[in-house]
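Quick notes on the structure that follows.
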Amino acid sequence: MSEEKNEVNNFIRNIIDADLKTGKNKGQVVTRFPPEPNGYLHIGHAKSICLNFGLAQDYKGVCHLRFDDTNPLAEDVEYVDSIQEDIKWLGFDWQNKLFYASDYFDKLYDFAVQLIKLGKAYVDHSTVEEIRQLRGSLTKPGQASSFRNRSVEENLELFDKMKKGEFKDGECVLRAKIDLASPNMNMRDPIIYRIRNVAHHRTGDKWQIYPMYDFTHPLSDMLEGITHSICTLEFEDHRPLYDWLLDELETPCHPQQIEFARLNLDYTVMSKRKLLELVEKNLVSGWDDPRMPTVRGMRRRGYTPQSIKNFCDRIGVTKKNSIISLSTLEHAVREDLDEKAPRAMVVIDPIKVVIENYPDNETEILNASIHPKKAEMGKREIPFTKEIYIERSDFMEDPPKDYFRLKPEGFVRLRYAYVIHCHNVIKDESGKVVELRANYFKDTKGGVTPEGMKKVKGIIHWVSATKGIPCEVRLYDRLFKVPDPLADKNTDFKEFLNEESLVVMEEAVAEPSLENVKAEEQFQFERMGFFAADREEHSSDRRVFNRIVTLKDNWK
Ligand code: ATP
Ligand code: MG
């Protein structure tokens, strides 16, 4: 897969190719990513970003970033800023094409007036409940409210009053006058403007009325000259309204709405509302908690932008909703990091080994590759000393037969170093193993098996106890313990949170090559997985590493 070009074919590319052939849109491709600034971006948004920005890149067009900020109640500048930062981090560029739907409020108002003048919109004083009831259902046609036949003059006057704030919230709305018998509920005189006596984060107190999404979206696309307006499948039923508005208003251009299946991932919830709930109830540490499916969270966890892009390319773009396995995303992360990440030995849950026949104050420097397949990345120095740590799980007092790691009176090879033999196990009063005593074999250095010695099968990682660097390691796992936390309608999704999704190991010890690591750097801790220095809390005084992903997919 190339670094820049999303070459995977998909049905949207076929549409664009056909348009280019017939010379539609003067051979241009202009897409847009239209987030509502009411939360942080998640992996689903990343898919839409990769698609929209990816198409613009490949067709030498441009992708606009447009904030769909028509609902002042839920929106906030905090989100506006974070969204921009996240898109940049993913590696995409809107080339100064940054827009806000709120910039079009004047124009949108004029379009609404134009619709009224065409006899295609009316002010309705029915209550929300009345409108809902009169709208009918899939089996029952809608009925006109008593306000549907107001004259153009009356509607113009009332809409002007709505604008001036002469009505209270909810007292009336502006509706498009389309077709109350339409089988498509979206066409049964949809509301296009509502009263909201609240300030907006960009327009302040200027407006008392705000346009609805379905009205704003096609017109914003049109005003920006978007050629292909790509959205998720649930908007398929809104397309007739999208087209109706542009047709009735005889706009100079008519973007084509194309729908694709949204990304769903197992073991995850993706809706911003649900994610916000986890944040507000302190069930996670914030929007950037490394377990969150947010771009922030994935970044903090240590995912690379390239792995997210590769994942989005690989799952492709379809018309059919499905659930993608989280393992597929983790696989993409593993694959990218395996290529790039320097290696290091870190003992996460240490147990001390004293090598009794090794000289007391000696330090021997061993050399190892930074990356086994990339000589150009160079070498690292690993000090070997009399006292070392090994992983608690690499020693078993009473192991099964096929156990090749350390056991009483057993042999094991210390990676890059020597074979050792364990001859004594020291325990505390509770019976917990606190220290092992061993001897080393001088002529086994660096993988050598001397003549007459049986080949030692087990190779384990280790860190010098006197030269190693203390650190905290956070073992992250899936946030939910069931594939679909929303499947059971009678149980709150929060009940399915995985209590073991974070295990903090405070006594980990890293090889000294990790001494000057900077926040966000990624590594493979040999045999343990991929880890990243925490973006927020890692410093030279307190080293904190997050587990990005294990080396193998061992989720059961
Ligand atoms: P949520 O339902 O999570 O709150 P949303 O659709 O309301 O998301 P928006 O800010 O409106 O969020 O979305 C911005 C863009 O991202 C839209 O074009 C939307 O279609 C797209 N998008 C959102 N979620 C997904 C997803 N899971 N897969 C693909 N695209 C998505
Ligand atoms: Mg939305």
Side-chain angles (χ1 to χ4, degrees), residues 6 10 12 30-56 63-71 73-76 78-84 86-87 90 92 94 98-102 212-214 216-218 220-221 224 226 228-239 242 255-279 287 292-298 308-309 311-326 328-329 484-486 493:
N6 169 357
N10 66 51
I12 299 180
V30 185
T31 55
R32 86 286 169 269
F33 174 65
E36 187 184 350
N38 62 351
Y40 284 74
L41 297 180
H42 53 57
I43 179 79
H45 295 116
K47 174 169 178 175
S48 175
I49 291 168
C50 290
L51 177 60
N52 281 294
F53 282 93
L55 287 170
C63 177
H64 297 186
L65 169 58
R66 182 199 318 136
F67 288 102
D68 246 311
D69 55 350
T70 52
N71 179 12
L73 287 178
E75 295 158 5
D76 199 287
E78 174 194 349
Y79 301 131
V80 171
D81 296 341
S82 77
I83 288 170
Q84 294 183 55
D86 287 351
I87 297 172
L90 282 170
F92 294 110
W94 49 87
L98 171 61
F99 302 104
Y100 295 83
S102 56
M212 299 297 285
Y213 177 86
D214 274 345
T216 310
H217 197 73
S220 304
D221 280 350
E224 290 175 17
I226 302 299
H228 301 86
S229 176
I230 301 163
C231 61
T232 41
L233 277 184
E234 65 275 22
F235 290 99
E236 198 163 20
D237 286 349
H238 298 239
R239 180 160 21 99
Y242 186 107
Q256 180 181 3
Q257 177 178 306
I258 306 168
E259 306 86 15
F260 72 101
R262 70 198 286 105
L263 168 65
N264 298 302
L265 265 188
D266 62 6
Y267 296 96
T268 310
V269 296
M270 209 106 84
S271 115
K272 281 182 276 189
R273 233 187 49 236
K274 299 239 161 31
L275 296 175
L276 178 64
E277 196 179 334
L278 296 177
V279 173
W287 283 99
M292 291 279 270
T294 52
V295 175
R296 282 291 150 115
M298 294 187 294
I308 296 171
K309 288 192 253 188
F311 166 73
C312 291
D313 278 358
R314 203 162 295 162
I315 57 175
V317 181
T318 66
K319 273 272 187 196
K320 202 166 170 291
N321 277 318
S322 65
I323 297 173
I324 304 287
S325 148
L326 187 54
T328 309
L329 174 58
D484 184 359
L486 302 176
F493 76 103

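Throughout, numbering of the chain's residues begins at 1 and tracks the sequence. Both ligands and their constituent atoms are indexed starting at 1 by order of listing.
Each of the atoms 16 (O), 21 (C), 30 (N) of ligand 1 lies under 4.0 Å from some heavy atom of S48. Residue-ligand proximity, T232 to ligand 1, at heavy-atom distances under 4.0 Å covers atoms 20 (O), 29 (C), 30 (N), 31 (C). Near H42, meaning under 4.0 Å from one of its heavy atoms, ligand 1 places the atoms 3 (O), 24 (N). Atom numbering of ligand 1 starts at 1 in the shown order; those under 4.0 Å from a heavy atom of S271 are 3 (O). Residue M270 has at least one heavy-atom neighbour below 4.0 Å for each of these atoms of ligand 1: 3 (O).
Residues L98 and F67 form a side-chain contact, since some pair of their non-hydrogen atoms from C-beta on lies under 4.5 Å apart. Inter-residue side-chain proximity for I324 and L263 is flagged as met; some heavy-atom pair is nearer than 4.5 Å.
Between K272 and ligand 1, at least one pair of N/O atoms sits closer than 3.5 Å. Backbone and side-chain nitrogen or oxygen atoms of N38 are examined, and none is located within less than 3.5 angstrom of a nitrogen or oxygen of ligand 1. Geometrically, ligand 1 and F260 share no nitrogen or oxygen pair separated by less than 3.5 Å. Backbone and side-chain nitrogen or oxygen atoms of R32 are examined, and none is located within less than 3.5 angstrom of a nitrogen or oxygen of ligand 1.
Ring-plane geometry between F99 and H64 is classed as tilted, the angle between the planes lying from 30 to 60 degrees on a 0 to 90 degree scale. Between Y213 and F235, the angle of the ring planes lies from 30° to 60°, which puts this pair in the tilted group. In this structure, F53 and F33 have tilted ring planes: the angle between them lies in the 30° to 60° band.
By heavy-atom distance, the residue among G44, P37, S229, C312 lying nearest atom 30 (N) of ligand 1 is G44. With atom 6 (O) of ligand 1 as the reference point, the heavy atom nearest to it among R66, E259, E36, R262 is part of R262. Taking only non-hydrogen atoms, the option from N52, L263, D68, I83 nearest to atom 27 (N) of ligand 1 is L263.
When atom types are taken as modelled, the side chain of K320 and the backbone of A261 share no donor-acceptor pair closer than 3.5 angstrom. Using a distance-only test at 3.5 Å, with no hydrogens or angles considered, no donor-acceptor pair links the side chain of D266 to the main chain of S325.
Ligand 1 is approached by F33 to a heavy-atom distance shorter than 4.0 Å. Residue contact check for ligand 1: R273 places no non-hydrogen atom closer than 4.0 Å to it.
Between E259 and R239 there is a salt bridge, since a side-chain N of the basic residue sits under 4.0 Å from a carboxylate O of the acidic one.
For F260, there are no ring pair (Phe, Tyr, Trp, His ring centres under 6.0 Å) partners two or more places apart in sequence or in a different chain.
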